[in-house]
Amino acid sequence: DAGVTQSPTHLIKTRGQQVTLRCSPKSGHDTVSWYQQALGQGPQFIFQYYEEEERQRGNFPDRFSGHQFPNYSSELNVNALLLGDSALYLCASSLVRGRGTGGPETQYFGPGTRLLVL
Amino acid sequence: DQQVKQNSPSLSVQEGRISILNCDYTNSMFDYFLWYKKYPAEGPTFLISISSIKDKNEDGRFTVFLNKSAKHLSLHIVPSQPGDSAVYFCAVGQGAQKLVFGQGTRLTINP
């Protein structure tokens, strides 16, 4: 059973550039959530996609945008990168309809993409 | 405005003894509570969860306790093993919506 996968694993960008991160959900899952984890902090919710639409958004600026494709995979785009955007970006998948292994609300995380902005 | 707090940044426990990790939350609307374990350079791994209709859930060596009146949950690991050394995050949510995480507790199991 394939788990959540993310690409790339690491990325280095400079200020002002744009970046796209990718996520494939766990097999059978239909919802993808994105989180940002700064060093020494817990993950912070960016947004969640279900049925190719953003259904909830955290306290992040419009520079952060996303997309979900018909196969449930997702992309996170960040424009006009700032030094403070350096973090681990985590994707989590879950199953809204029916029950997953841990319950319908359980989110399963990928390994993350480490982004460094110079 | 921290909705979820893990007040102990670190905890050190002897192998074989019980590890107790604590978490407090502020919003009584939360109805789903989870614990994740995280190793360096990996994403969080789901450990155990509990819904607001229960006050205890067990899975092998892991037990989660929920005290709704105190808005407090805890994770008990017994017996603790060296492989349990990691950072533990509590997370709370409402339905299938976003999760709000605590800042994590670094657990070290000493041989």
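Chain letters run A, B, ... following the sequence lines, proteins first, then strands; residues in each count from 1. The model shown is predicted, which means the values in this text are computed figures rather than measured ones.
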Does A/Leu39, at its CG atom, have more than 12 non-hydrogen atoms belonging to other residues, nucleotides or ligands within less than 6.0 Å? no
Heavy-atom check, side chain of B/Lys98 versus side chain of A/Gln44, under 4.5 Å: no
Counting only heavy atoms not in B/Arg61, do more than 12 sit closer than 6.0 Å to its CZ atom? yes
Measure distances from B/Gln103 to the heavy atoms of chain A and classify the residue's part below 4.5 Å as side chain, backbone, both or neither. both
Going only through I, L, V, M, F, W and Y residues with side-chain contacts under 4.5 Å, is there a path from A/Phe45 to A/Val78? no
Any side-chain heavy-atom pair from B/Tyr36 and A/Gln107 closer than 4.5 angstrom? yes
Would you check if the distance from the ring center of A/Tyr35 to the ring center of B/Phe101 is below 6.0 Å? yes
Does B/Leu73 share a hydrophobic cluster with B/Leu11, counting links as ILVMFWY side-chain heavy atoms below 4.5 Å and allowing steps through other members? yes
Nearest 0.5 Å, what's the CG-CD distance between A/Leu88 and B/Glu42? 11.0 Å
Side chains of A/Thr106 and B/Tyr32: do they bring a donor and an acceptor to under 3.5 Å? yes
At their closest point, which heavy atom of B/Gly43 faces which heavy atom of A/Leu90, and how far apart are they? CA-CD2, 4.0 Å
Group every Ile, Leu, Val, Met, Phe, Trp and Tyr by side-chain heavy-atom contacts under 4.5 Å, then state whether B/Phe89 and B/Leu75 land in the same group. no
Give a yes or no on whether A/Trp34 and A/Phe60 share a hydrophobic cluster (residues Ile, Leu, Val, Met, Phe, Trp, Tyr; joining criterion: side-chain heavy atoms under 4.5 Å apart). yes
Is it the backbone or the side chain of A/Ile46 that comes under 4.5 Å from a heavy atom of chain B, or both, or neither? neither
If one checks every heavy atom of A/Phe47 against chain B at 4.5 Å, the contacting part turns out to be neither
Same apolar cluster (I L V M F W Y, side chains within < 4.5 Å links), B/Ile48/B/Leu21: yes
